[in-house]
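Take a look at the structure below.
Numbering of ligands and ligand atoms starts at 1, following listing order.
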Amino acid sequence: MDATAQGEKVLIQANVGDERRTDGFVYIKHFSPPERMSQALKKLALFWGIALVSVLIPVFHFVTVPLFFFLGLFFARRTYKSEGRVLSGETRCPHCQTEVKVKPAELQWPITEICQNCARVVRIERI
Ligand SMILES: [Zn+2]
């Protein structure tokens with residue numbers, strides 16, 4: 001299944017915390033509520049799976065089991081609240097004009113990427 005084919009193109013503007021702006025775009029896949037629920041449950045299953053396996057680690061399991069249990073709840077909740085996924089994207093660094101690629105990630109506006117050239121944090125916002 002080609003995920004990029006289902007993405008919606010969204011125009012964005014990038015900034016580095018000042019008045020300079022550059023244009024760009026991101027491809028976003030929006031999740032419907034049932035999809036978000038299933039994504040969240042998958043994440044929960046993953047973390048609780050790790051929690052279960054870490055029961056076998058002597059001594060440390062007192063820490064790791066509750067840790068992964070709560071991390072699971074935390075990330076599952078975040079996934080459920082997320083509107084979708086960023087598939088890919090492209091813009092330019094407003095400071096040095098270097099091309100900035102947006103990596104696939106959970107969608108949380110604003111998206112932030114680090115410029116590979118000047119190491120500035122590029123904030124990507126929906127227009
Ligand atoms: Zn830069």
Check: Are Arg36 and Tyr80 in a cation-pi contact, defined as NZ or CZ under 6.0 Å from the six-membered ring centre and within 45° of the axis?
Finding: yes

Item checked: Beyond-backbone contact of Trp109 with Ile12, side-chain heavy atoms, under 4.5 angstrom -> yes

Margin query: Could you tell me if the side chain of Glu125 sits less than 4.5 Å from the side chain of Asn15, heavy atoms only?
Written below: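 Yes, their side chains come closer than 4.5 Å.
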
Next item on the list: Give me the other members of the hydrophobic cluster that Ile57 sits in, counting Ile, Leu, Val, Met, Phe, Trp and Tyr linked by side-chain heavy atoms under 4.5 Å, directly or via other members.
Entry: Phe60

Checklist line | Pair Glu83, His30: side-chain N/O donor-acceptor within cut-off below 3.5 Å | finding: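 Checked: Glu83/His30 side chains show no N/O donor-acceptor pair below 3.5 Å.
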
Next item on the list: Grab the two heavy atoms, one from His61 and one from Val55, that are nearest each other, plus how far apart they are.
Entry: ND1-O, 3.1 Å

Notebook entry, point to check: Among protein atoms, how many N/O/S atoms lie less than 2.8 Å from the Zn ion (ligand 1)?
Noted result: 4

